[in-house]
Number of protein chains: 2
Amino acid sequence: MATYDPLKRALKKEGLRYTQQRQSVWDELCATNDHRDAEEIYLAIRQSGLNVSRATVYRTIDVLVKNKMVRKLELGDGRARYEHKINATHHDHLICIQCGKIEEFMDEVIESRQDEIVKKFGYKLVRHIHQLFIICSECESP
Amino acid sequence: MATYDPLKRALKKEGLRYTQQRQSVWDELCATNDHRDAEEIYLAIRQSGLNVSRATVYRTIDVLVKNKMVRKLELGDGRARYEHKINATHHDHLICIQCGKIEEFMDEVIESRQDEIVKKFGYKLVRHIHQLFIICSECESP
DNA sequence: TATATTCTGAGACTCAATCTCAATAAGAAT
DNA sequence: ATTCTTATTGAGATTGAGTCTCAGAATATA
Ligand SMILES: [Mn+2]
Ligand SMILES: [Mn+2]
Ligand SMILES: [Zn+2]
Ligand SMILES: [Zn+2]
């Protein structure tokens, strides 16, 4: 047990118990850098031989999102997608509306313009969503 | 019947019939500059004495969105919101996560940066979503 | 007016996500 | 290690926005 164990730290902070199921959800989310939905996480865990329910997957993801270990993406297709935030810096997404591929981008100019816009209104920026829906090169010229 | 009647024009283009229900949905959407959900549109029409079904509201909105007369907004609360595009120029939104108030903004610098980002990837931009979730001044200092 | 075709509405259905609650597991206490 | 308390789990029920079905109603055409 490492001294820096983000899952155990978060669970302790929330007054929650450490369980195999919660560990498996976190492990599976960290296993790739993809942007997967809850069902994909659920199936991947079961594929690996571990038992977990959909309800627990959803409940655990909520804890991880609340503790900023996981980011939730709503891409407008009715299913939320998730990505772990281990070693990740802030970025936004390009989504191919043809094949579903997701790429990441980050633009300092846009980030600071956002702050200025919000400041001009006299508001306080909490978070933002910036998604560029595109046709990727492979879908454009197959 | 005006020569410039966007609803009738769109229906003709789609090979669809003009009906009182479709007119009432379009009228209600144009009645305010708000960002309302389908249920609010539905209730407002019935409030005004006209009869329409939820199914028809949804079906008509789809036609209007397809013909760029109405814009669909997904703000992450599970219900899509709609705004008419009569005399409207492109803009994005600030949303107060406390009271739900929606304000509009438009920033040429951000708009052109988006194009540059997409061009750098070699992709083709189709549309974008840019939402700033904020705490508004009234919610910050009540 | 008669005919062909589209449209409507009530309610069934879908599907992601949430909730329920009895059985189970974790952790604290002894 | 065993007992005890309390949180967690999972199967399945429920929710809710949105979609679908299809018989009856409305519209366009002749
Ligand atoms: Mn990402
Ligand atoms: Mn708007
Ligand atoms: Zn693609
Ligand atoms: Zn507010």
Side-chain angles (χ1 to χ4, degrees), chain A residues 1 5 7-29 35-46 49-67 70-82 100, chain B residues 1 5 7-29 35-46 49-67 70-82 100:
Chain A
M1 186 199 317
D5 186 329
L7 178 61
K8 288 186 175 166
R9 213 159 43 101
L11 292 174
K12 182 155 284 180
K13 172 178 160 261
E14 298 286 332
L16 300 172
R17 292 179 178 174
Y18 173 83
T19 66
Q20 289 309 308
Q21 287 87 342
R22 283 169 175 159
Q23 182 69 58
S24 73
V25 173
W26 174 236
D27 285 348
E28 187 52 48
L29 277 159
H35 305 80
R36 291 178 291 170
D37 63 36
E39 185 70 13
E40 289 172 314
I41 301 297
Y42 166 75
L43 291 174
I45 295 170
R46 306 208 114 209
L50 294 169
N51 218 325
V52 74
S53 66
R54 268 171 258 259
T56 294
V57 169
Y58 278 108
R59 284 185 291 226
T60 302
I61 288 176
D62 285 348
V63 175
L64 299 175
V65 169
K66 188 178 178 194
N67 285 274
V70 165
R71 180 171 172 197
K72 180 179 185 174
L73 301 176
E74 320 247 25
L75 305 182
D77 63 350
R79 281 165 302 136
R81 297 179 162 274
Y82 304 93
Chain B
M1 187 198 314
D5 186 327
L7 178 62
K8 288 185 176 165
R9 215 160 41 101
L11 292 175
K12 181 155 288 181
K13 172 177 159 263
E14 297 286 331
L16 300 172
R17 290 179 178 172
Y18 173 83
T19 66
Q20 289 308 308
Q21 287 88 342
R22 285 170 174 160
Q23 182 69 57
S24 73
V25 172
W26 174 236
D27 286 348
E28 186 52 48
L29 277 159
H35 306 78
R36 291 178 291 170
D37 62 37
E39 185 70 14
E40 288 173 313
I41 301 298
Y42 166 75
L43 291 174
I45 295 170
R46 306 209 114 209
L50 296 168
N51 217 325
V52 74
S53 67
R54 267 171 259 258
T56 294
V57 170
Y58 278 109
R59 284 185 290 227
T60 303
I61 288 175
D62 285 347
V63 175
L64 299 175
V65 169
K66 186 178 178 194
N67 285 274
V70 165
R71 180 173 173 195
K72 179 178 186 174
L73 301 176
E74 319 248 26
L75 304 182
D77 62 350
R79 280 166 303 137
R81 297 179 161 274
Y82 305 93

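When reading the values below, keep in mind they use all heavy atoms of this one structure, side chains included, and skip hydrogens, waters and symmetry mates.
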S.K.: How many Å lie between CD1 on I61(B) and C1' on dG18(D), as a whole number?
M.R.: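 These atoms are roughly 11 Å apart.
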S.K.: Only counting residues at least two apart or in another chain, list the ones meeting salt bridge (Lys or Arg N to Asp or Glu O under 4.0 Å) with R59(A).
M.R.: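 Salt bridge (Lys or Arg N to Asp or Glu O under 4.0 Å) check on R59(A) returns nothing, list empty.
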S.K.: Taking atom NZ as the centre, does K12(A) end up with more than 12 heavy-atom neighbours from other residues, nucleotides or ligands that are less than 6.0 angstrom away?
M.R.: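 Atom NZ in K12(A) is not packed in, count stays at 12 or less.
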S.K.: If I take atom CD in residue E39(B) and atom P in nucleotide dT15(D), what distance separates them, rounded to the nearest angstrom?
M.R.: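 Spelled out: CD on E39(B) to P on dT15(D) is 16 Å.
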S.K.: Could I get the full list of salt bridge (Lys or Arg N to Asp or Glu O under 4.0 Å) partners for R71(A), not counting sequence neighbours?
M.R.: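 R71(A) satisfies salt bridge (Lys or Arg N to Asp or Glu O under 4.0 Å) with E83(A), D92(A) only.
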S.K.: Sequence neighbours excluded, which residues qualify as side-chain hydrogen bond (donor to acceptor under 3.5 Å, both in side chains) partners of S24(A)?
M.R.: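 side-chain hydrogen bond (donor to acceptor under 3.5 Å, both in side chains) check on S24(A) returns nothing, list empty.
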S.K.: For DNA chain C, determine which residues of residues 16-23 of chain B have any heavy atom closer than 4.0 angstrom to one of its atoms, and list them numerically.
M.R.: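 Within this stretch, L16(B), R17(B), T19(B), Q21(B), R22(B) sit under 4.0 Å of the strand.
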S.K.: Go through the structure and list residues passing side chain to side chain contact (heavy atoms under 4.5 Å, CB included) with D37(A), not counting sequence neighbours.
M.R.: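 Checked D37(A) against side chain to side chain contact (heavy atoms under 4.5 Å, CB included); matches are E39(A), E40(A), R79(A), R81(A).
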S.K.: Expressed in angstrom and rounded to an integer, what is the separation of K12(B) atom NZ from dA28(D) atom C1'?
M.R.: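 In whole Å, dA28(D) C1' lies 11 Å from K12(B) NZ.
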S.K.: According to side chain to side chain contact (heavy atoms under 4.5 Å, CB included), who are the partners of Y82(A), at least two apart in sequence or on a separate chain?
M.R.: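 Result, side chain to side chain contact (heavy atoms under 4.5 Å, CB included) vs Y82(A): L29(A), A38(A), I61(A), V65(A), V70(A), K72(A), A80(A).
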S.K.: Take the protein atom CZ of R81(A) and the nucleotide atom P of dA17(C), then report the distance between them rounded to whole Å.
M.R.: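 Rounded to the whole Å, the gap is 10 Å.
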S.K.: To the nearest angstrom, how far is E14(A) atom CD from dG27(C) atom C1'?
M.R.: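 After rounding, the reported distance stands at 18 Å.
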S.K.: Which residues in residues 50-59 of chain B have at least one heavy atom lying under 4.0 Å from any atom of DNA chain D?
M.R.: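 By residue number: A55(B), Y58(B), R59(B).
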S.K.: Between CG of L43(B) and CZ of R36(B), what distance do you get to the nearest 0.5 Å?
M.R.: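 That separation rounds to 10.5 Å.
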S.K.: Nearest whole angstrom, please: distance from the C1' of dA16(C) to the CZ of R36(A).
M.R.: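 Those two atoms, CZ and C1', are 18 Å apart.
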S.K.: Mind checking what makes side-chain hydrogen bond (donor to acceptor under 3.5 Å, both in side chains) contact with Y58(A), not counting sequence neighbours?
M.R.: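 Partners of Y58(A) under the side-chain hydrogen bond (donor to acceptor under 3.5 Å, both in side chains) test: none.
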S.K.: Write down the distance between CG (D77(A)) and P (dG18(D)), rounded to a whole number of angstrom.
M.R.: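 So the CG-P distance, D77(A) to dG18(D), works out to 14 Å.
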S.K.: What is the bend of the helix from dT1(C)-dA30(D) to dT30(C)-dA1(D) when you compare the axis at one end with the axis at the other, using five pairs each and rounding to 10°?
M.R.: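 End-to-end axis angle: 30°.
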S.K.: Atom CD in Q23(A), atom CG in L11(A): separation rounded to 0.5 Å?
M.R.: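 Result: 9.0 Å between the selected atoms.
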S.K.: Distance check needed: dT8(C) C1' versus I45(B) CD1, whole Å only.
M.R.: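 After rounding, the reported distance stands at 14 Å.
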S.K.: Check whether any side-chain heavy atom of L7(B) lies under 4.5 Å from a side-chain heavy atom of L64(B), and answer yes or no.
M.R.: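 Yes; the side chains approach each other to less than 4.5 Å.
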S.K.: Mind jotting down which residue pairs meet the salt bridge (Lys or Arg N to Asp or Glu O under 4.0 Å) criterion with at least one end in residues 14-24 of chain B? Sequence neighbours excluded, please.
M.R.: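 Qualifying pairs: E14(B)-K66(B).
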